[in-house]
Every structure is written in structure tokens, then in C-alpha cells.
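Encoded as C-alpha cells, the structure appears first; notes follow it.
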Amino acid sequence: MRGRLGIRILQVIPTLLLVSMLVFGLQELMPGDPAVLLAGEDANPTVIAQIRKELWLDRPVPVQYLHWLSGALHGNLGYSWRLREPVLQLIGQKLPVTMQLSAMAIVFAIGIGVPMGVLSAVKRDTPLDWLANAVGLGGLSIPTFWLGIMMILFFSVDLGWLPPSGYVSLARNWERSLATTIMPAFVLGNAIAAVLMRHTRSAMLQALSQDYVRTARAKGLGEWVVVMRHALRNALIPVVTLGALEFGALLSGAVLTEQVFSIPGFGKLIVDAVFNRDYPVVQGVVMVVAALYITLNLIADILYIIINPRLRAA
Amino acid sequence: MAASATTADAAARTARMVHESPRRAAMRRFMHHRTAMLGLVVVIAFILVAVFAPLIAHDRPDATSWSLIRKAPSWAHWMGTDENGRDVFSRVVYGARASLLAGVVAVTIAAGIGVPVGLVAGFVGGLTDALISRVVDAMLAVPFLILAIALAAFLGPSLTNAMIAIGVAAAPVFVRVARGAALDVSTNDYVEAARALGNPPWRVAMRHVLPNIIPPVLVQCTLALATAIIAEASLSFLGLGQQPPAPSWGSMLNSAQQFLTQAPWLAIFPGAAIFFAVLSFNLVGDGLRDALDPRRR
């Protein structure tokens, strides 16, 4: 097991290096000279030359990359061109907001997706199964931002129950914090719930056809005990690991959800950076998101190896 | 009499199933998939709307009228009018062009990059496969929409750049699908036989491997179309796709946000169009997958 874990951990290094090349390479796509963009079209050539020197733009691309990589390894992802603050510091300020939203979204996703998947598998080929599948497919097809707008229309404009936008932190006022994040968290969790529902249904169908389930039934155990204690426990192993892969969808969804509900998180940071052509922030956010995603996948794989007795023995 | 007819029918069906090719069997399963057929009908309807937009729309999508600002849906304007007095129905109809075009072009780019690269990785194997797989892993480590946003941001906001960004961001999944299928197909006896007959590797890959990896690639294309339509709408919603005043469902939703209390219809109809378009492509994709791989059902 240790060898397998070691190999898996070592595989992360080349992937992260390639991601860093990809992120750095993004700036090569940019039309025009970044120094001119920063100084302005009418700027003095001396100023432009000075900026080029400061940003290492006067060196060959591989040297620029190594300089950037060395900074990134020391926790320096550069400075925001607009806010003149370190990129990592900006990300650090916004990350807790997105993390709160994501944690609440995961609660919604698991709370809706797993029971729906179990019910759909247990009641296979009945109207309940068809309904669950239809809801799942609908959840996958509905655009996050449209669902958000529709919820604002209904719960904020029509009923006046929840604030349509804004964010209050948990530390400041937990009730207001929940009121401002419950709708965006539901919207964000919806698509993940649909994916979890599909994974759970297929894993449960497989588990329910196994010999140990037949044995449990033959022993005279109640159907509830068979489903919950025998089938679901085994079905959840692949669901948990596949669920970890949805972290990417969660971050993508956060970009749009935070925009609709005006939440000052990670997603809003990248959108604002895009519109202000604050490229170091765009690069920094993409790099941090990729590193988080890779780490989460690694944890999921390690958990899978630890949980699965067949892999543990190998 | 009736019983013997039923038996004869069953026998004929069995005989047909025994003799029919896998491709024909998949087609038959797809044609009998009711939800997939429903999805296909809606997809065809959307294509017809996009192609015949000038005949279906009430007005030009950019025709403004100061006397018709934010009018609620009526017989004259089925989906109401927007903040510039433009007919929302006409804009939704013309918006189908941007969405479907973006979907088709982005998926063509993704498949155009992903299938050849995946075929090479799966067929050649060894160091080439290892290198390609690591690059694909790195690209997949960046969430799809965030990669598309970053690419669109650096390329500049426009529908063309959005299509390129979505296509490039979606390509790694095609590499994975094509590679997996190519690996699987390469172990078949007929590929070994083609090699043993002295065919050069490129001919074996093109003549014997490529045609057999088409089914999973086709399923991926349909599902990717749904993803690409949502992605284009998302980029346009953020202001990185189709630029105003050209109509796009995503950009219509973006401007609708400012008038939610006064004109909710501005948000309802373009969003519903995205939802039904994506749902229909997903239904077709699911049906194709079930038809091509019945074990998955």
C-alpha cells in the first residue's frame, strides 16, 4: 500500500509543474505588450522600458517562467496590477467566503443527491425512479446563473423572504450570514446534487445485485437494514471519491453564483480581474484553483486506497 | 391463429437481431429510446429555429423602439420587449444561432484537437502516451469553466474567442475518451492482423482503429454540445462572449439582471431557452450512450 501511495503522491509533482507552465503560458496569448497595457498607450517609452525591466519582460520566455515559478514556490504569485497588493494575499482574503459557500453547497448536494439516488435505485423502473432521473437530468441542464436569477425573483422579489444579494460573514452575524448564503449555496449545490444522484443510483444498483445483499436478505433482515447497512455503505465508497472530482464544478459554479448574488468571493475576484485586465490575479487564481483541485483529488485517492481493503492489502 | 402470429413475429425479431450488425442494433436501440427521441425532436426544432430565424422572428433582433420600452408579454410581443424596446421573442430566436453555432464550433475544435491526439496516445503508447496523459492531467486540473474564462480573458472578449476558449478547454476530455477507446480497440485481433499483413502504423490507425473509436467520441460530442452551450451562455453572461447589441441568451440574461423587479420576463425566456436546448442535447447524449453501450442502463 505504501508503494502505491508513494507513486500517487509523486505523480502530483509533474502535474503541478505542467499546470504552472500552462498558467504562465496564458500571458503569451495576450494581444499586445503587457508593459504598454500597464503604462497606457501614450506613456513615455522610458517608462515602458522600465516596466518591462521590472516585470522581467525583457528576458527570454523560459527565464521569465523560471523567475515566476521560483516566486510561486516561495508563495509569491506577483502583485495585482490594479490593487497593488500581493495576489496570494487577495486570494487569502476571498477564499474563506467561497469556502463557506462551498461547504453549504456540499451539504445541500449530499442531502439531496444521495437520498434521491438511493430511492431511485431501490424503486428502479417505477414512477419514483423516473421522477428522480428527470429531476437529476433537469439539475444537470439548468444553467446555474439562471436558477439563481429565478430564485431571486421568487424568494426575494415576490415573497421578500431572503436578501437578493450581498454577503455577511459568519463571525459578524451568523443569522444574516445564513440568510445571504442559503440561496447561492442551494444554487451551487444543485448541479452537484444531480451528479451525486446519478453516481449513487448506479453504485447502489451494482451493490444491490451483489451476493452479500442476497445473503443479508436470506438471513431475514429487514429491507431498510439491507439497503442502509449493507448496500449503501459499500456504494458510498465510489460515490465519495467521484464526489471529490466535483470540486472543480463547485469552483466553476462559484464564479457564476457569486456574480449573480454579488458575493465578494474567489469567483468574483477572477471576474473582476478579467474585466480590469489584471492578469497576474487571473493567473494566480487559476494556479491556486488547480493546486487545490490536485490536492483534493490526491486526498480522495489516498482515502480510496485506505478504505478499499483489496487495495490496502496490495 | 393469433398465438402463431405472435410466435412468428418473435422468431422474425430474433432472426433479425442475430443477423443485424452492431451499428444497426445500436441505431434500433436509439430509435426505441423514447426520451432520446423526444430530445432529438427538440434539438431539430432548435436547429430549424436558428436556420430560419429571419422567417420566424417578428422583427430584427436589434430593432429598437422608444415607445416599446419594457412592455410585458402580449399578442404583439409574445415574450415582451427589453430595455431598448427590442422584441424579446425575436432576440431569443436569433440568440439560438449564437448558442448553437458556439456549441458546434467549440465541439469541432475540441474533437479536432482531442481525437487525433488521443488516437496517437492510445495507439502508439509508451513515452508518447505518458507525455500526452500528463499534459491532459494538467489541463483537467483546472476546472473547465475557469480555464475557459482565463483563455477568453487573455484572448479578449468576443464570440469567436469564446468558442476557441471553450473548444480548447473541452479538448482534454476528448483526448481521454479517444485514448481509452484506441487502447481498447488496438488489442483486437483485426488490428493485430492488419499489422501482421505489413500495413504501416498510420494506415492501421486510420483504417482500423479510428472508425472503431467513433461511437464513444460521438456520445462525447453530444454531451459536450450541451456543456458548450451552457459555457457560451456563461461566458456571454459574464460579458466575455457575444457582445451587445448582437443577441445571445447569456448576454440577454446579463442585462435582464438590472430589471428583475420591473421586467422579470427579460430573465425568464432566454434562460428557459438555454435550459431546453441543454436538456435536449443531454437527452440525446444519454440515449446514444445507452444505445451504444446497453450494459450501462
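Note that the coordinates shown come from a computational prediction; the quantities given were computed from them, not determined experimentally. By convention in this document, chain letters (A, B, ...) are assigned in the order of the sequence lines, proteins followed by strands, and residues within each chain are numbered from 1.
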Tell me, yes or no, whether the heavy-atom count around A/Gln206 atom CD, taken from other residues, nucleotides or ligands under 6.0 Å, exceeds 12. no
Keeping A/Trp146 on the side-chain end and B/Ala267 on the backbone end, is there a donor-acceptor pair under 3.5 Å? yes
Separation between CD (A/Gln11) and CG (B/Asp137), nearest 0.5 Å, reads 7.5 Å
Identify which of B/Thr261, B/Ile268, B/Leu147, B/Thr227 forms the greatest number of heavy-atom pairs closer than 4.5 Å to chain A. B/Ile268
Does any heavy atom of chain B fall under 4.5 Å from the side chain of A/Ile152, the backbone, both, or neither of them? side chain
Less than 4.5 Å apart, any side-chain heavy atom of B/Val142 and any of A/Tyr293? no
Taking the side chain as every heavy atom from C-beta outward, state whether A/Val157 and B/Pro264 have any atom pair closer than 4.5 Å. no
Contacting moiety of B/Ala226, where chain A heavy atoms sit under 4.5 Å: neither
Out of B/Phe281, B/Phe144, B/Phe154, return the one with the most heavy atom pairs under 4.5 angstrom to chain A. B/Phe154
Is there a side-chain contact between B/Phe275 and A/Met150 in this structure, where contact means two heavy atoms from C-beta onward sitting under 4.5 Å apart? no
Between A/Val286, A/Leu153, A/Leu22, which shows the greatest number of heavy-atom pairs under 4.5 Å with chain B? A/Leu153
Check whether A/Leu26 gets within reach of chain B through its side chain, its backbone, both or neither, counting any heavy atom under 4.5 Å. both
Proximal component of B/Ala272, with respect to chain A [non-hydrogen, under 4.5 Å]: both
More than 12 heavy atoms from other groups under 6.0 Å of CH2 on A/Trp81: yes
Hey, what do you get for CD (B/Gln257) to OG (A/Ser262), rounding to the nearest 0.5 Å? 7.5 Å
Check whether any side-chain heavy atom of B/Leu260 sits under 4.5 Å from a side-chain heavy atom of A/Ile149, and report yes or no. yes
I would like to know whether A/Ser141 and B/Asn282 meet side chain to side chain donor-acceptor pair (under 3.5 Å); could you show each step before the answer? CA-CA 7 Å; A/Ser141 308; B/Asn282 275 333; 3.0 Å; yes
Is there a side-chain contact between B/Ile274 and A/Phe145 in this structure, where contact means two heavy atoms from C-beta onward sitting under 4.5 Å apart? yes
Nearest heavy-atom contact between A/Val19 and B/Ala141 is CG2-CB, 4.0 Å
Test side-chain contact (heavy atoms from CB on, under 4.5 Å) on A/Leu256 and B/Leu145; report intermediate values, then the result. CA-CA 10 Å; A/Leu256 296 159; B/Leu145 189 65; 3.5 Å; yes
Counting heavy-atom pairs under 4.5 Å with chain B, which one of A/Leu137, A/Leu140, A/Val285 comes out on top? A/Leu137
Residue part contacting chain A, namely of B/Asp286, when any heavy atom lies under 4.5 Å: side chain
Looking at OG1 of A/Thr144 and CD1 of B/Ile230, how far apart are the two atoms once the value is rounded to the nearest 0.5 Å? 6.5 Å
Please flag which part of B/Leu140 lies under 4.5 Å from any non-hydrogen atom of chain A: side chain, backbone, both or neither. backbone
Given a strict heavy-atom distance threshold of 4.5 Å, which part of A/Ile270 is in contact with chain B: side chain, backbone, both, or neither? side chain
Decide yes or no for B/Leu238 and A/Val255: does some side-chain heavy atom of the first lie under 4.5 Å from some side-chain heavy atom of the second? yes
For B/Phe276, is it the side chain, the backbone, both, or neither that has a heavy atom closer than 4.5 Å to a heavy atom of chain A? neither
Interatomic spacing from OG in B/Ser234 to CD in A/Gln259 - rounded to 0.5 Å: 11.5 Å
